[in-house]
Amino acid sequence: MGQKVNPIGFRLGIVEDWRGNWFAGKKEFRSMLQEDTEIRQYLAKRFPRGTITAIYIEKISDRIRIKLHASKPGIVLGRRGSEINNVRDELYKMLNKQVSIDVLEVNPQGQSAQFLADNIALQLERRMPHRQVIKKTMALAMQSGAKGVKVKISGRIGGAEISRSEQYKEGKVPLHTLRAKIDYAISTAYSRSGTVGLKVWVYTGDVLGKENKDAVDAKKN
């Protein structure tokens with residue numbers, strides 16, 4: 001099961017939180033879910049790829065609070081916050097609701113699966129050798145403190161006539177361990193020969209309860 005489902009969805013309520021936090025009845029659920037989709041699509045088009053790594057949306061009454069995890073917060077904020085103010089105003093016109101936006105810096109960048117996936121995709125679009133790009137990206141993740149990283153690439157790799165899949169792995173990525181904190185992301189590289197799909201898993205460590213933490217600390221001492 002752990003090999004076939006989204007690792008983030010598989011761990012919801014255990015070590016992962018929902019990306020959208022709100023409550024709605026049967027009548028309102030459809031429209032509120034559509035709002036979430038519109039917000040995410042708008043932000044994906046508004047900023048360059050690889051800038052935003054995660055979007056968290058909270059809704060209380062007619063207010064929407066958005067938390068943007070950005071690898072390059074300067075691009076998102078703009079000069080003296082002008083860019084993020086424009087985004088807030090445009091979302092207000094689109095949704096007719098009060099919107100507040102918090103921008104959080106992703107640090108280190110190498111532990112963000114979305115940043116790594118987009119970074120590989122952008123380099124593949126520049127016709128860089130895929131093995132070289134993937135190995136450098138995996139090295140960046142390990143240097144950033146990740147305990148394991150896995151990359152799967154599928155499609156007409158390098159402009160080949162027949163599509164194929166390749167998988168690269170460094171360290172350990174325990175997909176069946178629910179306490180394991182695993183970031184997962186997908187991205188697509190658009191080349192002249194066709195699209196190339198990318199999947200990235202990053203294992204950053206285990207999330208332990210208080211009792212387990214005390215036991216681990218006791219063993220270390």
Q) Roughly how far, to the nearest 0.5 Å, is CD1 of I101 from CG of N85? A)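 Here the rounded value is 8.5 Å.
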Q: Look up atom NZ in K97 and atom CD1 in I39, then write down how far apart they are to the nearest 0.5 Å.
A: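 Reported value, rounded in 0.5 Å steps: 8.5 Å.
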Q: Any pair with a residue in residues 38-81 that passes ring pair (Phe, Tyr, Trp, His ring centres under 6.0 Å), sequence neighbours left out, goes on the list, sorted by first then second residue, please.
A: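 Counting only pairs at least two positions apart or across chains, the ring pair (Phe, Tyr, Trp, His ring centres under 6.0 Å) contacts touching residues 38-81 are Y56-H69.
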With a sphere of 6.0 Å drawn around [atom1] of [X], does it hold more than 12 non-hydrogen atoms of other residues, nucleotides or ligands?
{"X": "I8", "atom1": "CD1", "result": "yes"}
{"X": "K152", "atom1": "NZ", "result": "no"}
{"X": "D17", "atom1": "CG", "result": "no"}
{"X": "I60", "atom1": "CD1", "result": "no"}

Q: Output yes when E16 and K181 qualify as a salt bridge under the 4.0 Å nitrogen-oxygen rule, no when they do not.
A: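 Result for this pair is yes, salt bridge flagged.
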Q) Does K59 pair with D36 as a salt bridge, N-O distance under 4.0 Å? A)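 Yes, charged N to carboxylate O under 4.0 Å.
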(Q) Under a 3.5 Å distance rule, please check whether S71 uses its side chain to pair with a backbone N or O of T51 as donor and acceptor. (A)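 Looks like yes, one N/O pair under 3.5 Å.
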(Q) Applying side-chain hydrogen bond (donor to acceptor under 3.5 Å, both in side chains) as the test, list every pair that has at least one member in residues 133-148; sequence neighbours left out. (A)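 Output for this query is empty, none listed.
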For residues 158-165, please give each side-chain donor-acceptor pair under 3.5 Å, one per line with the distance, not counting sequence neighbours.
| unit_1 | atom_1 | unit_2 | atom_2 | d |
| --- | --- | --- | --- | --- |
| R164 | NE | E166 | OE2 | 2.9 |
| R164 | NH2 | E166 | OE2 | 3.0 |
| S165 | OG | S154 | OG | 2.9 |

**Q.** salt bridge (Lys or Arg N to Asp or Glu O under 4.0 Å) evaluation trace for R179 with D206
**A.** CA-CA 5 Å; R179 68 173 179 272; D206 291 346; 3.4 Å; yes
Closest heavy-atom pair and its distance - [X], [Y]:
{"X": "Y203", "Y": "K172", "result": "CD2-O, 3.1 Å"}
{"X": "S187", "Y": "D118", "result": "OG-OD1, 2.8 Å"}
{"X": "S193", "Y": "R156", "result": "O-NH1, 3.0 Å"}
{"X": "H130", "Y": "I153", "result": "CB-CD1, 4.2 Å"}

Q: Check step by step if side-chain contact (heavy atoms from CB on, under 4.5 Å) holds for V202 and S112.
A: CA-CA 7 Å; V202 179; S112 170; over 6 Å; no
(Q) One pair to check against side-chain contact (heavy atoms from CB on, under 4.5 Å): L175 and I182. What are the steps and the verdict? (A) CA-CA 8 Å; L175 296 180; I182 294 179; 3.7 Å; yes
